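Comments concern the structure below.
All values derive from a computational prediction rather than experimental measurement.
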Amino acid sequence: MIVTTGTFLNGLAHVGETTYSCGRNGEAPSQLLGDQLRTLGLRCTRLKTGTPPRLDARSIDFSQFARRTAMPIHGLFIFDW
């Protein structure tokens, strides 16, 4: 199972030598959800979330790409405390 939680699940900010728990823009991280997932025996790992490269759309020939539709959503994961 892959749960994509963005920046909130056990969110950390690194500012210089200082590391602290947080979500996006100073909002609270989701510590409880991360703890519960680990209690169930699920392994939690991190992906690097650096700023993605920006591309100038005017420099891309979109006619060379095939259109791909999104996969249907079969359910939602809801965490309620």
Side-chain angles (χ1 to χ4, degrees):
M1 171 178 34
I2 298 173
V3 179
T4 55
T5 59
T7 57
F8 289 90
L9 184 66
N10 295 326
L12 292 174
H14 305 281
V15 180
E17 298 293 319
T18 304
T19 300
Y20 58 93
S21 295
C22 70
R24 171 186 65 222
N25 293 326
E27 295 172 328
S30 182
Q31 297 293 105
L32 181 59
L33 176 57
D35 294 343
Q36 291 295 318
L37 291 173
R38 275 189 293 283
T39 300
L40 294 171
L42 299 174
R43 183 173 54 113
C44 297
T45 60
R46 293 190 182 280
L47 301 175
K48 184 179 180 319
T49 58
T51 303
R54 307 287 200 280
L55 301 173
D56 184 346
R58 296 171 295 181
S59 70
I60 300 171
D61 181 2
F62 289 101
S63 69
Q64 300 298 311
F65 294 92
R67 182 174 181 89
R68 299 201 47 192
T69 57
M71 294 173 60
I73 297 174
H74 295 290
L76 300 175
F77 180 83
I78 299 172
F79 178 74
D80 186 16
W81 19 341

Roughly how far, to the nearest 0.5 Å, is the CG atom of Asp35 from the CG atom of Leu40?
->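 Those atoms lie 11.0 Å apart.
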Not counting sequence neighbours, which residues clear side chain to side chain donor-acceptor pair (under 3.5 Å) with Arg58? List them please.
->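 Side chain to side chain donor-acceptor pair (under 3.5 Å) check on Arg58 returns Asp56.
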For Thr18, enumerate each residue passing the side chain to side chain donor-acceptor pair (under 3.5 Å) test, keeping only those at least two apart in sequence or located in another chain.
->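 Side chain to side chain donor-acceptor pair (under 3.5 Å) list for Thr18, sorted by chain: empty.
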Can you name the closest pair of heavy atoms from Pro29 and Ser21 and give their distance?
->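 Answer, listing the atom of Pro29 first, then Ser21: CG-CB, 3.9 Å.
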